[in-house]
Structures are given as C-alpha cells and as structure tokens.
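Here the structure is laid out as structure tokens; the discussion comes afterwards.
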Amino acid sequence: MSVCMVRYKLLIRKGALRQLESIVDYIAQDRPQVAQLQADKILDTIQLLDEFPFMGPITRDPKLAKKNYRVLPVEEYLVLYLINEDEDTVIVERILSAKQYSYYL
C-alpha cells in the first residue's frame, strides 16, 4: 500500500517578505547575531506548510476567519496564510509580531 501526499507550493507575498525584513532589522539593532537566526526559524517553519498546510488553525479574527485565513505561531511572531486547495498552494500573506496581534490566535 502506498500513500501519496500532495506537496503544496509555497508563495510568500512581497509584503510578508518586507515584514520579515523589518523584523530582522528591528532585532539587529540590539542583537545582530540573533536577527538572522530568527528569520531562519520563521522561514523554516513556513517551509513545513508545503507538507502540512493545515497545521495552523483558522484565525480567531472574525473578518479573516470568514476568508479562511490561518495563523501559524513562530515564537513571538505570527504567520498569516491562506490555502488554495484547487491549486495546491499555500500563500503567506503577513508576518507579524504576536505581541501586537495576539487577537489572531
């Protein structure tokens, strides 16, 4: 018996990449050696979505929940994403500070 798992394509929006850059720049002000490590953790976690697109729950924010946005916590950051099942694609829309946007959880 063989199991065929669909791997999803990952698409990270330019705005989300800019947000990640801002996070790295902010951390680098005080802890430059930690900044790239944090970016790597976020990107490594996002990479898991190609095999496990449903690992993040639907957000609690009512407006975004209606659109099926999911949220994936990565330490003190949140990755907001959508799943397009018709095209087997995960679309990362935003990368935010959980301290500012904890209501998504």
Side-chain angles (χ1 to χ4, degrees):
M1 183 171 119
S2 67
V3 176
C4 180
M5 289 185 57
V6 174
R7 287 187 73 113
Y8 280 63
K9 295 176 287 237
L10 289 174
L11 172 64
I12 303 175
R13 299 269 190 220
K14 287 181 184 177
L17 289 172
R18 283 193 296 274
Q19 289 169 327
L20 181 58
E21 287 175 16
S22 293
I23 289 166
V24 170
D25 290 345
Y26 179 77
I27 295 170
Q29 292 175 15
D30 296 323
R31 301 173 292 157
Q33 67 280 9
V34 175
Q36 189 58 51
L37 292 172
Q38 187 63 59
D40 291 344
K41 286 179 190 176
I42 293 170
L43 292 171
D44 288 347
T45 303
I46 288 171
Q47 187 65 44
L48 294 173
L49 293 171
D50 71 348
E51 288 187 66
F52 308 103
F54 297 95
M55 67 189 277
I58 298 285
T59 180
R60 288 191 332 196
D61 180 275
K63 290 180 184 176
L64 296 178
K66 285 182 184 178
K67 296 178 182 181
N68 292 318
Y69 273 84
R70 293 180 172 271
V71 61
L72 183 61
V74 183
E75 293 184 356
E76 62 264 17
Y77 299 95
L78 302 174
V79 176
L80 286 174
Y81 69 99
L82 292 166
I83 301 170
N84 181 331
E85 290 186 76
D86 294 334
E87 297 181 14
D88 297 328
T89 303
V90 172
I91 306 152
V92 175
E93 297 284 346
R94 312 235 8 226
I95 302 171
L96 308 164
S97 166
K99 292 175 185 173
Q100 292 178 298
Y101 301 100
S102 61
Y103 55 86
Y104 287 129
L105 293 173

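Every value quoted in this text rests on a predicted model; they were computed, and no experiment measured them.
- V24 and L37 end up in different hydrophobic clusters when Ile, Leu, Val, Met, Phe, Trp and Tyr side chains are linked at under 4.5 Å.
- Residues Y81 and I91 form no side-chain contact, since every pair of their non-hydrogen atoms from C-beta on lies 4.5 Å or further apart.
- L10 contributes atom CG, which lies 10.0 Å from atom CD of E51 (distance to the nearest 0.5 angstrom).
- Residue K9 qualifies as enclosed at atom NZ: its count of foreign heavy atoms under 6.0 Å is above 12.
- D40 and Q36 form a side-chain donor-acceptor contact under 3.5 Å, judged by distance and modelled atom types alone.
- Under a hydrophobic clustering in which Ile, Leu, Val, Met, Phe, Trp and Tyr are joined whenever their side-chain heavy atoms come within less than 4.5 Å, directly or via other members, I83 and V74 fall into the same cluster.
- Rounding to the nearest 0.5 angstrom, the gap separating the CD atom in Q38 from the CD1 atom in I23 is 7.5 Å.
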key: Worked check of side-chain contact (heavy atoms from CB on, under 4.5 Å) between I58 and Y69   = CA-CA 6 Å; I58 298 285; Y69 273 84; over 6 Å; no
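- Hydrophobic clustering, with ILVMFWY side chains joined whenever heavy atoms are under 4.5 angstrom apart, keeps L11 apart from V92.
- A distance of 4.5 Å separates CD of E85 from OH of Y8, quoted to the nearest 0.5 Å.
- The minimum heavy-atom distance between L78 and P73, with the atom names listed, is CD2-CA, 4.0 Å.
- R70 places a side-chain N or O within donor-acceptor distance of the main-chain N or O of G56, the cut-off being under 3.5 Å.
- Exactly one residue among L20, I46, I12, L43 makes a side chain to side chain contact (heavy atoms under 4.5 Å, CB included) with V79. That residue is I46.
- Rounded to the nearest 0.5 Å, atoms OG1 (T89) and CG (L49) are 12.0 Å apart.
- Within 6.0 Å of atom CZ in F54, more than 12 heavy atoms from other residues, nucleotides or ligands are found, so the atom counts as buried in its surroundings.
- Remark: Y77 OH to L96 CG distance equals 11.0 Å, nearest 0.5 Å.
- Counting only residues at least two apart or in different chains, side-chain hydrogen bond (donor to acceptor under 3.5 Å, both in side chains) contacts with residues 13-24 comprise R13-E93.
- Distance CZ/F52 to CZ/R7: 9.0 Å, rounded to 0.5 Å.
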